[in-house]
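One structure is given here, and the rest of the page talks about it.
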Amino acid sequence: MSAKFQYGGQAVIEGVMMRGPNTRAIAVRRPDQTIIVDEKPVGSLTKRAPVLKWPLIRGIVVLIESLVLGIKALTYSANQAIGEEEELTTKELVITVILSLGLAWVFFAVVPAAVAYVVTMAPGGFFQSLIEGIVRIAIFLAYIAAISRMGDIQRVFQYHGAEHKVINAYEAGETLSVERVQRYSTLHPRCGTSFILIVMVISILTFSLLGKQVLWLRILSKMLLLPAVAGISYELVKLSGKYASVPLCRVLIAPGMWLQKMTTSAPDDGQVEVAISAFGAVMKEGERNVQ
């Protein structure tokens, strides 16, 4: 029996985006309370170039593709949630991705490196990388805590919980009805929140190998090493999802699962219904266990 495809998803504005083996579907609750589902085929560069499927390399490709797909899904859902139709142009999408990566780089790489450099006054070494990691995690936690106070973001976190509940129910072989899906956890080992935490931990270990460098060179080196960090982190997330039932693995992934409690909330039945609609649209033939 072949292994099941590892479905993934993302919470969007008043909805959920799910990605299957060949398609992606965005389900959104519109202002009139109807659910609209937009299903489109998705491809991947890994299918065109086999070398991109290699371990470590595939993580970088998946990360970039997920970022682009996620921004498109957020734009679509926001327009549907307010009853408008609009599409991002290629130019707008490229600018948005570049700005997103640029801001993330400033807040999660440049600022922590500068703070650690000033605090330690001794460039290089594990201690400086540890300080950077602590500052990076603190910035991330502060960011999550700040946005979680916003009403719209709280609803996104509920849809995030609904997405996890549906995938957990599917992976348990459950029939996907609202009542049964609600029994499952809002936490999942392959969540992007856990991925971010793993990236932060791996970066501490990787960047500690850089040795003594002036600040500007250290920041540049981090930029060059970031793809490698992302690739390693992706492989660890995949392994954690595959062996989540192994006791040692459960211990290792526990911090990421705890962190998810900040980015997921218990969804209501209507939100679970939306998540089921998105998931049902991307399921492979022969797996239609949606009610």
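When a residue number appears, it is its place in the shown sequence, counting from 1.
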Check: Q158/D268 side-chain N/O donor and acceptor closer than 3.5 Å
no

Y7 OH to M18 CE distance, which is reported to the nearest 0.5 Å:
10.5 Å

Once you round to the nearest 0.5 Å, how far does CE of M17 lie from CG of L69?
4.0 Å

Is it true that a side-chain atom of Q182 and a backbone atom of P267 form a donor plus acceptor pair closer than 3.5 Å?
yes

Should the heavy atoms of other residues, nucleotides or ligands under 6.0 Å from CZ of F140 be counted, would the total exceed 12?
yes

Without swapping roles, check the side chain of S208 against the backbone of L205 for a donor-acceptor pair under 3.5 Å.
yes

Here the gap from I134 atom CD1 to I204 atom CD1, rounded to the nearest 0.5 Å, amounts to 7.0 Å

Applying ring-ring contact (aromatic ring centres under 6.0 Å, His included), which residue pairs with at least one partner in residues 142-169 are found, sequence neighbours left out?
H160-H164

Is it the case that Q260 and S194 place a side-chain donor and acceptor less than 3.5 Å from each other?
yes

Taking the side chain as every heavy atom from C-beta outward, state whether L259 and L141 have any pair of such atoms under 4.5 Å apart.
yes

Name the residue from R30, R24, K72 that meets the salt bridge (charged side-chain N to carboxylate O under 4.0 Å, His left out) definition with D38.
R24

Is T264 reaching over with its side chain to a backbone N or O of G161, donor-acceptor style, under 3.5 angstrom?
no

Name the atoms and distances for all side-chain donor-acceptor pairs under 3.5 Å in residues 51-61, with sequence neighbours left out.
{"from": "R58", "atom 1": "NE", "to": "E235", "atom 2": "OE1", "distance (Å)": "3.4"}
{"from": "R58", "atom 1": "NE", "to": "E235", "atom 2": "OE2", "distance (Å)": "2.8"}
{"from": "R58", "atom 1": "NH2", "to": "E235", "atom 2": "OE1", "distance (Å)": "2.6"}

If we ignore hydrogens and angles and just use 3.5 Å, is the side chain of R136 paired with the main-chain N or O of M200 as donor and acceptor?
no

NE2 of H188 to CD1 of I167, rounded to nearest 0.5 Å, is 6.0 Å

